[in-house]
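Each chain gets a letter, A, B and so on, in the order the sequences are listed, and its residues count up from 1.
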Amino acid sequence: MVALSKKTAEAITCNRAAMLLLAVAVILTTLQYAAVLPAWLHRIPDAMVPPFAAWLDVVFNFVKDDLGLLKFTRFFTEGLENVLDTTGNIFFGKYRWPHLGPMPWTAVAGVAAVIGYSLGGWRLALLGGGTFVWTALIGQWNIAMETMSVLVVAAPLAFVIGLSFGIAAWKYAWVNKAIRPVLSVLQTLPFFTYLLPAVIFFKVGPTAGAMATIVYAIPPMILMTTLGLQKVPLEVIEAGKMAGCTRFQMLRHVYIPSARGDILVGVNQVIMLCLAMVVLTAFIGMPGLGAKLLAMMGSFKLGRSLEIGITIVLLAVTLDRMSKAWAVKQPVHFDKGTSWFCRHKTLVSALCVIVGFTLLSKVVPIAGTIERGQDFSQGKELDNFIKWLLAVDGVQSVTYGIRYVLNVWVLNPFRDFMLSIPTPAMIMMVVAFAVWLGGRRQGIIAAIFFGLIALSGWWDRSIITLYSVLAAVSIAMLLGIPLGIWASQSDKWSRRILIACDTAQTFPSFIYLIPAIMLFGITATAVVGSILIFAMVPLTRYTIEGLRTVPPEMTEAADMAGATRMQKLVNVQLPLALPTMAVGFNQAIMFAFFMVIIAAFIGTQDLGQELQRTLAGTDLGKNFVLGICVSLMALTFDVVIMKWATDKKHALGLA
Amino acid sequence: MSSERPVISCKNIWKVFGDDPEGYLAKMPPDMSFDEMSEDGYIAGVKDVSLDVNKGEMLVIMGLSGSGKSTLVRCFSRLHDITSGTIEVAGQDIMSLAEKDLIELRRSKMGMVFQSFGLLPHRSVLENIAFPLEMRGQDKHTRRERALEVIKLVGLEGREDFFPRELSGGQQQRVGIARSLAIEPDIWFLDEPFSALDPLIRKEMQDEFLRLQQLLKKTIVFITHDFDEALRLADRIAIMKEGAIEQCDTPDKIVLKPATEYVRKFTEDVDKARVVRAGGLAEADQTGTGDPVDASQTVRKMARMLVDDTRDFIPVSRAGKPIGALSRAEALDVLLGDQ
Amino acid sequence: MKTMTTALTAGVLALAPLSAFADSHADSSDPIVIPIHNWSSQIVMSNVVGQILETQGAIVEYVTTDSQAVYESVRLGDVAMELEVWEGAFGASFRAAMEKGGIVDVGDHNAVTREDWWYPMWTKDACPGLPSWEALNDCAALFATPETGDKGRYLDGPVDWLKHGQERVESLDMDFVVVNAGSAAALWAELGAAEAEKKPIVVFNWTPNFAEAVWPGEFVEFPTWEDGCDTDPSVGPNPDALFDCGNPATGYLKKAAWDGMEDKWPAAFATLEAVSFTNPQIAEMAKLVDIDELEPKEAAEVWLEANPGVWETWVK
C-alpha cells in the first residue's frame with residue numbers, strides 16, 4: 001500500500017514535470033516563430049560544438065597504427081581471405097586452392113533438397129531444392145554463390161564468437177554487465193558504421209564484407225546463448241554435478257546440449273542477419289546478389305531487381321525454415337539392427353547426389369553450369385513491362401498525385417516544422433515524452449542522449465532522420481494497426497496475416513526498397529514508402545498478437561456484460577493489448593531507423609547520406625559520430641517505450 | 001547396525017540464504033525464529049540440524065514444500081555449501097574437500113534421483129545411464145556393459161536407444177534411478193522421486209523401489225512430502241518444518257508418540273494399525289507366553305489374533321529370537337484407534 | 001550447421017578424385033586485383049585491361065570498391081591499379097595518396113575530361129538563357145519536383161563521388177536542392193524519363209561519356225575554375241566560401257598503380273604504362289553497357305574484338 005501510493009505520487013510529479021517541460025518548449029518555439037529568439041538558443045553555435053570526430057580520429061589512429069591493431073587485423077585478414085578463397089573456389093570456381101569448384105548447380109540443389117528432407121520432410125525438400133533450381137534457371141547462379149560463399153564462412157564464425165561471448169557473459173557477471181550496453185548500441189548502430197571500419201581494418205572486398213557481417217550478426221547469438229544457459233533446469237545441472245562432472249564437462253556435456261534449443265534459435269538469427277548484412281555489404285564492394293540488386297535498382301531496372309529480390313527472398317525463407325526446423329528437431333532412436341546406411345541416410349544420399357550430379361555434369365554440361373543465354377530470365381521484358389505500366393497515364397497520375405500530396409501537404413511542412421523547433425525546445429519535448437511515458441530515469445537518459453546529439457554538430461540531419469522515421473511510422477500505424485485489428489477478428493485471417501508477417505520479417509531489409517522504388521521512383525517518397533512497408537510488419541503483427549492473447553475470461557466477461565463488438569474492442573481488448581502493441585511500435589521504430597539509413601542510397605538528406613559519404617574516405621571519427629547519433633535516437637525510444645510496456649504489463653497483471 | 005560409524009553425520013548445520021549469510025548468522029541471537037529471520041531478508045533453509053544416517057538404513061525426510069528437506073539433502077552432497085556446522089560423509093568432512101576430491105567423492109560414492117528426473121534431453125536412455133561412468137572416464141565398452149546391467153535391473157530392456165521425451169514419466173524416472181545406480185554408490189539420495197508421477201504409477205514405483213532396496217541394501221536418504229509414502233518406506237523418518245527437524249524416529253514411534261503438535265497433526269488421520277508393528281509395541285522386560293509373533297507384523301495383520309487371543313502379553317521375536325512381548329490391550333487400543 | 005559442414009566436407013572429398021580435370025595452373029603467382037566502381041566506362045575499361053593482361057598469362061580478379069577510398073587501397077596494395085583517375089573528381093584523393101606514398105602515377109590517357117552540371121538540349125527551350133549559371137538559377141522553378149517544393153532539383157552523382165554540389169549551391173546561393181542519384185545508371189534512367197516528356201532537367205554529367213551521343217547537351221557555365229577554389233575561400237566570386245567555381249574544363253585522365261606492382265608483375269606493369277584510351281573509345285565502352293546492355297565482361301570482349309589494332313601494340 002505504501003509502495004503503491006509512493007508510486008502514484010511519483011507518477012504525478014513526473015506528469016507535472018512533463019507538462020512543465022512541454023510548456024517551456026512551446027514558449028521557446030513560439031518565440032522562434034515571433035523571430036525574437038536569439039540565434040544561440042535556436043541552434044548551438046558552431047563554435048560550441050566539440051570536435052568529437054577529430055578526437056575520435058586521434059584515438060582510432062593511435063589504436064590503429066601506434067598500438068598496431070591494423071597490423072593485427074591485416075594478419076587476421078590473410079587467414080580469413082584464405083578461407084573465403086576456398087569457399088569461393090568450391091561455390092563459384094574462384095581461381096584458388098583447392099581448385100575443385102565450382103560445384104555443379106544440380107549438386108547444390110540436390111544437397112539442399114536432401115538436407116531439407118531430413119529436417120522437415122518433403123515440403124522443406126521442395127523449398128530447399130526449388131530455391132536453388134530457381135536461382136540457376138533464372139541465371140543468377142554465380143552471384144548467388146558469391147553470396148553463399150561468404151555466408152557459409154561468416155555465419156559459423158559469428159556463431160562461434162557469439163557462443164563464446166554468450167558463455168562468458170553467463171559465467172561472469174562482470175562480462176555480462178560490460179557487454180550489455182555494448183550490445184544495445186551495436187543493435188541500434190546503423191550498418192554503414194559497421195562498413196567503414198571493416199574496409200579500413202579488413203581490406204576492401206569479401207573480407208571486409210565478411211567481417212562486417214560477422215560483427216553485425218553476433219549480438220543476438222550472445223543474448224540467446226546467455227538466455228539458453230540460464231534456462232537450463234536446475235535438476236539437470238544438479239544431476240550433472242552428482243555425476244561428478246568437472247567444470248568443463250558440465251559445460252560441454254550438460255549446459256550446452258541442454259540449451260540446444262535456444263542456441264539454435266540464436267543460430268537461426270545469426271543466419272538471417274548474416275544474409276541481410278551480406279546483401280548490404282554491396283555498399284563496400286562485396287560482390288554477389290546484393291551488388292547486382294544495388295546496381296539494378298540504381299539504374300531503375302525493376303524487372304531484374306524483382307528477379308534478384310525473389311532469389312534473395314527464397315534464400316532467406318529456405319535458410320530460415322531449415323534452421324528453425326533444425327532448432328525444434330529432436331533426436332529419434334533407430335530400431336535395433338538398423339544398418340549404418342539407414343542411420344546415416346542423409347549423409348549417404350547427400351554424397352550420392354554430389355557424386356551423381358558431378359559425374360552427370362561432365363557428360364551434360366548444362367547440369368554443371370547454365371550459361372548466359374540459356375537461362376529463363378525475363379528481366380528485360382519485365383523491366384519494360386514495369387516501365388510501361390508506370391508510364392500509363394492513370395498509374396502515373398496516381399503515383400504523382402500521392403507524391404504531390406504527401407510531400408507538399410504533409411512531409412515537407414512537417415519536416416520544416418521539426419527543423420524550426422529550437423534545439424533546446426526539441427530536447428525538452430523529447431524529455432517530456434520520456435518522463436511522461438517512462439519516468440525520471442528515462443527522462444534523464446533522453447536528456448543526455450539528445451544533448452549529445454545536439455553537441456555532435458549534426459543536429460539538423462539528425463532531426464531530418466527523426467522526421468523520416470516518425471512520418472513513416474505514423475503512416476505505417478494508420479495502415480498497420482487497423483489491418484491488425486481487422487485480422488484479429490477471425491482465426492483464419494489472424495493466422496494468415498501472422499504467417500505473412502513472419503515471412504516478411506525474414507526478408508533482408510534491402511528487399512523492401514524494391515516495391516517503393518517501383519511506385520515512386522528514386523525520390524524521397526520512395527524512402528518513406530520503403531520504411532512504411534518495413535515498419536508495418538511489426539505493427540500489424542504485434543497488434544494481432546496483443547489482441548489475440550487477451551485472456552479469454554475477460555472477453556467472455558465483456559460478452560456476458562452485453563458489450564457490442566466495438567465496445568468490447570475499445571473497452572477490453574485494446575487496453576489489454578496496448579503493452580504488446582507498444583512492443584510492436586518500438587520494433588517498428590527500430591526497423592525505421594535501420595531502413596532510413598539504407599534509403600540513403602535513394603538520395604536522402606539525413607545522417608544516412610553523410611554516413612554513406614564517409615564510406616568514400618577514411619573518416620572513422622565522423623563515421624562513428626554519425627552512427628552514434630542514430631544509435632542514441634533509437635535507444636531513447638527503445639528505453640522509454642520498453643519501460644512503459646513493462647510497467648503497463650505489470651499494472652495489468654499480464655506479466 | 002548402529003554399532004558402525006554413521007555414513008552421514010551432521011552436527012548443528014545451518015544453511016541460510018541471503019546477501020551475507022555468514023555474517024548474519026555470526027551476529028544472530030541463538031533463538032531467532034524462522035519468521036524473524038525472514039523479516040531481516042534471510043531464509044533459513046536448514047536450521048540447526050544434527051542428524052546421523054547409518055549404514056544400510058533408509059532415512060526418509062518428510063516435510064511440506066519449503067520446509068527445507070530438499071535443501072538439507074543438497075547439503076549432504078554439497079550441491080549447497082552449508083553456512084555453518086559440520087557434515088561428515090564416509091568419514092570425510094565434505095566442506096573441507098577440494099573441488100577435485102569432491103568430484104571424486106560424487107563419482108565413486110553418491111547417486112541421486114531427482115523429482116523431475118533431471119535427464120539430459122539429448123542423450124538416449126543408455127547414454128544417460130552411462131553418463132556418470134563416462135564422466136569418470138570409463139571406456140565405452142565397460143560403461144555400456146554396466147549401463148545395460150542397470151537397465152535390466154530397472155526393467156527398461158529394449159528401450160536403450162530411446163530418448164527421454166519418448167518415454168512415459170514412470171519410465172523416465174526408471175532411467176533416473178538407473179543412472180544414479182550406475183556407479184554403484186554407497187549412498188543413495190532420492191529427492192521426491194515419485195512426486196511427479198500419477199498415483200497408480202507411484203504405488204508401482206514404490207514397490208519396485210522396495211524390491212531394489214531388498215536387493216542392494218544401500219544407505220538411503222529419501223525425501224518426500226507424502227506422509228504415507230514415508231511410513232511405507234522408512235526405517236526412520238525425520239519430519240522437518242521451517243528448516244528444523246521436529247522429530248526423527250521410527251515410524252511406530254512417530255505415530256505412537258508424536259513429539260510436537262505439528263507432528264501429531266500429520267499422524268492424526270493415519271490408520272495406525274497399518275503402521276505400527278509388533279516390534280514397535282514390544283516391551284523388552286516382558287516375556288509373555290505361547291507362540292510368538294514376528295516383529296515385522298503390523299497390528300492390522302494381527303487383528304484377528306489379537307481379538308481372539310486371551311493372553312495379556314504376547315511374545316515378539318525378530319528373526320526367530322525373542323525380543324520381548326507386547327501388551328494385547330495396548331495393541332487393541334492401536335487397532336481400535338483409541339490411542 | 002553440423003550437417004551443413006558435413007555435407008560440405010563430403011562434397012570436397014567427393015570431388016577430389018574428379019579434380020584432375022581442373023586447370024593445372026596451380027602456380028603460386030598472385031592474382032592482379034583491379035578495382036571497379038559505379039560507372040560503366042571504368043568497369044569496361046578495367047575488364048578490357050584485365051583481359052589484355054590475361055592474354056599475357058596473368059590471373060586477374062575484380063573487386064568493387066568505392067571510387068574515393070580506392071586510393072587508400074592502391075597505396076596498401078590491396079588492389080594493383082586504378083585505370084580512371086579523373087582530375088575533377090579524384091584529383092584531390094589521388095594527390096593525398098601520392099603524398100602518403102605507396103602509389104605511382106602511370107601516365108595519362110589520351111583524353112580530356114570535364115565533369116559538371118549538365119543539361120540536355122531540350123532544357124534550353126524552356127530556359128533560353130543557358131548555359132550561364134545565373135540564367136539557370138533564374139529558371140530554378142522549372143526544375144521543381146514534388147519532393148523539392150518550389151526549388152529546382154539538381155540530380156548529382158552518387159554521394160560517394162563527393163561532387164560538392166551542395167557546397168556550390170550554398171556558396172553561389174542558388175535556388176536548388178541537391179539530390180544524389182544512387183548510381184550513374186540512375187542518372188541515365190532519370191534522363192530517359194525526362195526525355196519522354198521533354199521535361200527540363202539538370203544533372204551531373206561528364207565527358208568522355210556515351211551520354212553526349214545519346215542526348216546532345218551542354219555543361220552549365222559556372223565561374224571559371226581557378227586553382228585553390230577548393231581550398232581557399234577567397235578564390236572565386238564568393239569570398240567566404242569554397243567550391244564557388246565550376247570544375248576544370250580540361251582535366252586529365254590518369255592511370256595509377258601500387259608502387260609494388262612493377263616488381264611483382266613487371267610485364268603487366270609495362271602493359272599498363274602503354275595503355276591509353278581516347279575520348280571516343282571511352283564513350284564507346286560506356287555505351288556498350290549503358291545502351292546495349294551487355295555485361296561488362298562481354299562488353300570488354302566485344303571491344304577487344306572490334307579494336308585489335310588499338311591494344312595489340314600495348315602488349316610486348
Give a yes or no on whether the backbone of [Y] and the side-chain of [X] come within a donor-acceptor separation of less than 3.5 Å.
X	Y	value
B/Arg136	A/Cys245	no
B/Arg106	A/Met242	no
A/Glu235	B/Gln115	yes

Contact leader toward chain A among [options], where contacts are heavy-atom pairs under 4.5 Å:
options	answer
B/Met110, B/Glu166, B/Met112	B/Glu166
B/Gly176, B/Ser77, B/Ser116	B/Ser116
B/Glu134, B/Glu160, B/Glu104, B/Glu99	B/Glu99
B/His122, B/Lys100, B/Arg78	B/His122

Of the listed residues (A/Pro257, A/Ser258, A/Gly240), which shares the most heavy-atom pairs with chain B below a 4.5 Å separation?
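Sorted descending by pairs with chain B, the first entry is A/Pro257.
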Other residues, nucleotides and ligands only: do more than 12 of their heavy atoms fall within 6.0 Å of [atom1] on [X]?
X	atom1	value
B/Asp139	CG	yes
A/Trp122	CH2	no
A/Phe165	CZ	no
A/Phe334	CZ	yes
B/Lys217	NZ	yes
B/Arg165	CZ	yes
A/Arg123	CZ	no

Aromatic plane relationship, A/His253 with B/Phe131 - under 30° parallel, 30 to 60° tilted, over 60° perpendicular:
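Answer is perpendicular, since the angle exceeds 60°.
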Roughly how far, to the nearest 0.5 Å, is the CE atom of A/Met250 from the CE atom of B/Met135?
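One finds 10.0 Å between CE of B/Met135 and CE of A/Met250.
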How far does CG of B/Leu79 sit from NZ of A/Lys241, to the nearest 0.5 angstrom?
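Atom-to-atom, B/Leu79:CG and A/Lys241:NZ are 6.0 Å apart.
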Side chains of A/Val236 and B/Leu119, heavy atoms from C-beta outward: is any pair under 4.5 Å?
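A/Val236 does not reach B/Leu119 side chain to side chain.
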Can A/Thr246 and B/Ile103 be said to form a side chain to side chain contact (heavy atoms under 4.5 Å, CB included), step by step?
CA-CA 7 Å; A/Thr246 60; B/Ile103 286 176; 4.0 Å; yes
Using non-hydrogen atoms and a 4.5 Å limit, figure out which bit of B/Phe189 sits close to chain A: side chain, backbone, both or neither.
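Contact with chain A involves the side chain of B/Phe189 alone.
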Heavy-atom closest pair, residues B/Pro121 and A/Pro331
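Between these two residues, the closest heavy atoms are O-CG, 4.2 Å.
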Give me the atom names and distance for the closest heavy-atom approach of A/Gly244 to B/Arg107.
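Taking A/Gly244 first and B/Arg107 second, the nearest heavy atoms are O-NE, 2.6 Å.
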Side chain, backbone, both or neither: which part of A/Val332 has an atom under 4.5 Å from a heavy atom of chain B?
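When you check distances to chain B, atoms from both the backbone and side chain of A/Val332 fall under 4.5 Å.
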